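Since we're looking at a predicted model, the values are computed, not measured. Throughout, a chain's letter reflects where its sequence line sits, starting with A, and its residues are numbered from 1. Excluded from the calculations below are hydrogen atoms, water molecules and symmetry mates; all remaining heavy atoms, backbone and side chain alike, are included.
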Protein chains: 2
Amino acid sequence: MTSVPVPPWRAERKKAPRRSLSREAIVTAALHVVDAEGLDALSMRRVAQELDTGAASLYAHVANKEELLELLLDRIQADVTRPEPDPERWQEQIKELARQGRGALVAHRDLARAAIGQGIPFGPNALLNAEAMLAILKAGGLSDQVCAYGVDALALFITATAVEESLRSQGFGESGVTLDEQIVRIREYFGSLPPEGFPHITGMVDALMRDEGDERFEFGLDLLVSGLARHAPA
Amino acid sequence: MTSVPVPPWRAERKKAPRRSLSREAIVTAALHVVDAEGLDALSMRRVAQELDTGAASLYAHVANKEELLELLLDRIQADVTRPEPDPERWQEQIKELARQGRGALVAHRDLARAAIGQGIPFGPNALLNAEAMLAILKAGGLSDQVCAYGVDALALFITATAVEESLRSQGFGESGVTLDEQIVRIREYFGSLPPEGFPHITGMVDALMRDEGDERFEFGLDLLVSGLARHAPA
DNA sequence: ACCTGAACACCGTTCAAGT
DNA sequence: ACCTGAACACCGTTCAAGT
């Protein structure tokens, strides 16, 4: 979707009105920007530039930046494949859906940050995924209210850990510090705290800083899912 | 900390160099702005205005806006009172600490949104609260790693629900729609979805939209805490 | 050392004017 | 109907100049 050089014999016709502009094209361009440069680089002007036009042109297809972000987040959610509910395996299926939801977010830099503070997502893909989660929880025999509170808690956890993950793998800001350097730095800082005032933090530095694959995420996910399982009938 | 009229006989002396500017004063002014107008209104210029000066003056005391937000979030955390760990009551104590942490955030409009994407908080109050949580979990007999992952999951949940709550009680944007109107609107939208494609969402509208005090938060909190309790030795 | 005004390089959004 | 350039009202941050 990036621009292609115009054939010279057509180049005279300045400002050929490309009919290429559309919601879809704008969302795609925005996703390119996020993937290449991160969420902070995503401005209406930057997206327009990607489409060889001006920021004002976007407003014919998109109400404002907030709507563009909504569309972007919903586009991302299309990557999730939803399993057919199997009552015997509902806990594993919920976890799989959660992993995919998180995966879809972390695959796009720090886009997850935009998901926070967006409120309930109403996009078509978001709704399909929510429906799928409810179906699985319901297949697990949970009550309507437990299902409802459950998807909510899971969604919050997925987004929050995705944000955490994106911060972790980005270092802090653009300060040029690598991830490893940053971790060493934090370890040292925690270690340097007065042990009288902070006996547990200083005593648990290793445990606090542990970063082994998705262990941290899986731990929290299991907390939630096995907690939900306790609400299922015996 | 708001300005007071200068006595007329001193007013001639224009631009009397008030020595009032300080980190503390800046954070206090910023908090006033957030409380009165919300996070989106918080700009360096707006904070400076509150202190009757220009934005540039703030940079002598604060590195940048990000640091100001860190200081703001840490200031808020000072409102939490930390209980003496009681091994018998560790689950209730953790919950109480979590409720306070969330309360401190939601007491300041949508400030919670700034806590997301801030990474691990290193402010003195944040560290004291983390230490207190670790102490209580440890008193509950949990292993170092469970304590570490536990505080992390709890912190994410507290912030995420605080953001959710602030969005909920703010309506959507400044569109002038009241909370009740917004809820009715969402209910209608959910209800209007095709039942064939969305049998669970349409069938659980009441459960999904239920908003009774802190029930939603307490449900998720209990999921996490009772999940942690399962990791405690019998 | 602290404070300031002015400037720089950006934003999101609007709007009259074009096709 | 769609697109555009220019403008409006903002941002965060820097910097030379003041005290």
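Both the sub-6.0 Å distance and the 45° axial angle are not jointly satisfied by B:R99 relative to the ring of B:F217.
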Considering only nitrogen or oxygen atoms on both sides, find all protein atoms under 3.5 Å from nucleotides 10-13 of chain C and state each distance.
{"unit_1": "C:dC11", "atom_1": "OP1", "unit_2": "A:S43", "atom_2": "OG", "d": "3.4"}
{"unit_1": "C:dC11", "atom_1": "N4", "unit_2": "A:R45", "atom_2": "NH2", "d": "3.4"}
{"unit_1": "C:dG12", "atom_1": "OP1", "unit_2": "A:M44", "atom_2": "N", "d": "3.4"}
{"unit_1": "C:dG12", "atom_1": "OP1", "unit_2": "A:K65", "atom_2": "NZ", "d": "3.0"}
{"unit_1": "C:dG12", "atom_1": "OP2", "unit_2": "A:M44", "atom_2": "N", "d": "2.9"}
{"unit_1": "C:dG12", "atom_1": "N7", "unit_2": "A:R45", "atom_2": "NH1", "d": "2.4"}
{"unit_1": "C:dG12", "atom_1": "O6", "unit_2": "A:R45", "atom_2": "NH2", "d": "3.1"}
{"unit_1": "C:dT13", "atom_1": "OP2", "unit_2": "A:Y59", "atom_2": "OH", "d": "2.7"}
{"unit_1": "C:dT13", "atom_1": "OP2", "unit_2": "A:K65", "atom_2": "N", "d": "2.8"}
{"unit_1": "C:dT13", "atom_1": "O5'", "unit_2": "A:Y59", "atom_2": "OH", "d": "3.3"}

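B:T159 and B:R102 are not linked by any side-chain donor-acceptor pair at a separation below 3.5 angstrom, with hydrogens and angles left out of the test.
Counting to the nearest Å, the P atom of D:dC3 and the CG atom of A:D52 are 13 Å from each other. Going from atom CD1 of B:I26 over to atom C1' of C:dC3 covers 11 Å, rounded to whole Å. Rounded to an integer number of Å, the gap from B:Q49 CD to C:dG5 C1' is 16 Å.
Put simply, the side chain of B:T161 gets close to the backbone of B:F157: a donor and an acceptor are under 3.5 Å apart. With B:D74 contributing its side chain and B:N125 its backbone, the two residues share a donor-acceptor pair below 3.5 Å. Remark: the backbone N or O of B:E165 is not paired with any side-chain donor or acceptor of B:R216 at under 3.5 angstrom.
A salt bridge between A:D40 and A:R113 is present, with a side-chain N of the basic residue lying under 4.0 Å from a carboxylate O of the acidic one. A salt bridge between B:E218 and B:K95 is absent, with no side-chain N of the basic residue lying under 4.0 Å from a carboxylate O of the acidic one. For the pair B:R82 and B:E131, the salt-bridge criterion is not met [side-chain N within less than 4.0 Å of a carboxylate O].
For B:H61 and C:dC3, the shortest distance from a side-chain N or O to OP1 or OP2 is below 4.0 Å. Considering only side-chain N and O atoms, A:T53 lies nowhere under 4.0 angstrom from the phosphate OP1 or OP2 of D:dC3.
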Pairs counted as Watson-Crick or G-U wobble with both distances under 3.5 Å: what dot-bracket string results for DNA chain D, using | for bases tied to another strand?
||.|||||...|||||.||
